[in-house]
Number of protein chains: 2
Amino acid sequence: MTASRTARERVRAELIREITDIARRQLATEGAGGLSLRAVAREMGMVSSAIYRYFPSRDDLLTTLIIDGYNAVGEAVERAEAACPRDDFTGRWLTACHAVRDWAVAHPHEYALLYGSPVPGYHAPQDTIAARIRDVTVLGRIVSDAWNAGALRASAVEPPAELEAEAAGLREHMPGVPDVIVWQALTAWTSLYGWLSFEVFGQFNGTLEDRHTAFDHSMRLMAATMGLAQ
Amino acid sequence: MTASRTARERVRAELIREITDIARRQLATEGAGGLSLRAVAREMGMVSSAIYRYFPSRDDLLTTLIIDGYNAVGEAVERAEAACPRDDFTGRWLTACHAVRDWAVAHPHEYALLYGSPVPGYHAPQDTIAARIRDVTVLGRIVSDAWNAGALRASAVEPPAELEAEAAGLREHMPGVPDVIVWQALTAWTSLYGWLSFEVFGQFNGTLEDRHTAFDHSMRLMAATMGLAQ
DNA sequence: AAGAAACGAGAGCACCGCTCTTGACGAATG
DNA sequence: CATTCGTCAAGAGCGGTGCTCTCGTTTCTT
């Protein structure tokens, strides 16, 4: 219809962008708890109540930042993995893991917002879960491709029968893969984010120095757990 | 010296205990961010400033809760693991994992305080790291015992040479174990807490129902990764 | 041009952590 | 026994927060 929006709509979109930019910078320096609408307003030369014209509450601003964060990490892992030779499954897995880690280490507070303790009083709306699956989609396709190419070995540890119904939802991300592999992949997935949470949240402080190398080795071990030949 | 403290000291200790109890209950219901000194004081029928006679700041109260939390989870895993036959290493590993999970699921907010995003503005003092190692000590001893009994198999994935110096600090918890096993154990450790973080922080919501069974299977897979015969 | 919608500013509410002062109380000391 | 001294609860207050409401202005729509 109207390709050029009205002037008011343009300045409104611009202001929303500026608010989120400032909020993201505050989030990066202060953390989620230090994100204050009044501080954003102060930095914009506005009065605090004016912010509520654009974001009805602090939670809505947080939701926007969360969605942006999921998209950022998803895009990072998508781009990194796309540059790999398609038949080098271990390489694709390791590249994807390192892409997630690089992003997490570079944006610790945003990582905490996405994968850390839920912000008190905040409950994630449905919008966030749609953006959240970009990285797991990439990881799932690696598993799926590897299985279809015959590059995956099933572990000797068989999943119990009770889990048969449970695997269905997870298999959406890795079509055509048997249950055994689904659980191996899920375990690798949790291990990846377990490492990142430990590293980003400081649990390795004082005990582990060369985290890049150790992470690489750990993810190679998880590739083996997943069933990828070494 | 004086076995029976003065009356003043006794009532002071009692008040400190009451404050931490109320704070822990608030933590359990509201989360770390919802923990308020004023609310604790209100519940005690005190004025807020009086609390500062016993805890110089909100952070000091948090520190007490964190140390208590580490001790609680450490004691839970110690007790559960001690009841296992000493030569059933897979059983000891699984029991310890389930003990950590049971505690985490029962105390999600305390788990978040210990292993989730760091509380904004709070920096953990040295006191907390001493209490933190109780669970990893138990897990390390399982690995150590299993290795010394010849029950651990080294993975085909060799750690790179750069990690040689790094293994020293980690080996303190599992004496006599070669580097390959140290890294396998570290990977299993991160996988355990990665799962718990996903579960407690709600990342499994909607996709995984029978988490107990799935967790059990995942930790069996990690036992294999660690080198334990299935 | 007139009405409707959106907007910025300001005051205000209830809450927070934290500080400072004041007056009451109890215990050790002279 | 009387006094000094440390501990205590209470209150007022500071600067901060998210959020609401009102008011006068600006901008878009009809």
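All chains are named by letter (A, B, ...) in the order of the sequence lines, taking the proteins before the strands, and each is independently numbered beginning at 1. All figures in this text were calculated on a predicted structure; none of them were measured in a lab.
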Check: For B:Leu62 and C:dG17, what is the distance between atoms CG and C1' respectively, to the nearest whole Å?
Finding: 12 Å

Item checked: Between P of C:dA9 and OH of A:Tyr52, the distance in whole Å -> 16 Å

Check: Which part of the nucleic acid, if any, lies within reach of A:Ile51 when heavy atoms closer than 4.0 Å are counted: base, sugar-phosphate only, or nothing?
Finding: nothing

Note to self: Is B:Arg38 close enough to C:dG17 that one of its side-chain N or O atoms is under 4.0 Å from OP1 or OP2 there?
What the structure shows: no

Item checked: Span of DNA chain D in contact with chain B (heavy atoms, under 4.0 Å) -> D:dG6 to D:dG13

Check: Between B:Tyr115 and A:Phe201, is the ring centre distance below 6.0 Å?
Finding: no

Check: So, is A:Ser49 close to the C:dA9 phosphate, meaning a side-chain N or O under 4.0 Å from OP1 or OP2?
Finding: no

Notebook entry, point to check: So what does B:Leu61 touch, heavy atoms closer than 4.0 Å: a base, only the sugar-phosphate, or nothing?
Noted result: nothing

Check: Mind checking whether A:Trp189 and B:Phe198 have ring centres under 6.0 Å apart?
Finding: yes

Next item on the list: Would you mind reading off the distance between A:Arg42 atom CZ and C:dA9 atom C1', rounded to a whole angstrom?
Entry: 16 Å

Margin query: Rounded to whole Å, please give me the gap between CZ in B:Arg53 and P in C:dT22.
Written below: 14 Å

Checklist line | Side chain of B:Ser57 (C-beta onward), nearest among C:dG17, C:dA9, C:dC18 | finding: C:dC18

Next item on the list: For B:Arg58 and C:dT19, give me the distance from atom CZ to atom C1', rounded to whole Å.
Entry: 18 Å

Notebook entry, point to check: What is the distance from CG of B:Leu37 to P of C:dC15, rounded to the nearest Å?
Noted result: 16 Å

Next item on the list: Decide yes or no on side chain to side chain donor-acceptor pair (under 3.5 Å) for A:Asp60 and A:Tyr54, but give the supporting numbers first.
Entry: CA-CA 10 Å; A:Asp60 286 81; A:Tyr54 304 94; over 6 Å; no

Next item on the list: Going by the side-chain contact (heavy atoms from CB on, under 4.5 Å) test, name the single residue among A:Met222, A:Met219, A:Arg101 that passes it with A:Leu192.
Entry: A:Met219

Item checked: Protein-nucleotide distance (B:Phe55, atom CZ; C:dG17, atom P), rounded to Å -> 14 Å

Item checked: Option among B:Leu62, B:Thr20, B:Leu37, B:Thr63 that satisfies the side-chain contact (heavy atoms from CB on, under 4.5 Å) test with B:Phe55 -> B:Thr20

Next item on the list: Classify the nucleic acid contact of B:Tyr54 as base, sugar-phosphate or nothing, counting any heavy atom under 4.0 Å across all strands shown.
Entry: sugar-phosphate

Check: Rounded to whole angstrom units, what separation is found between the CD atom of B:Glu30 and the P atom of C:dC16?
Finding: 11 Å

Notebook entry, point to check: Any ion pair linking A:Glu75 and A:Arg79 (charged N to carboxylate O, less than 4.0 Å)?
Noted result: yes

Note to self: Go through it in stages, so that I can follow the logic: the residues are A:Ser117 and B:Ser117, the test is side chain to side chain donor-acceptor pair (under 3.5 Å), and I'd like the CA-CA distance, side-chain angles, deciding distance and then a yes or no.
What the structure shows: CA-CA 5 Å; A:Ser117 341; B:Ser117 341; 3.2 Å; yes

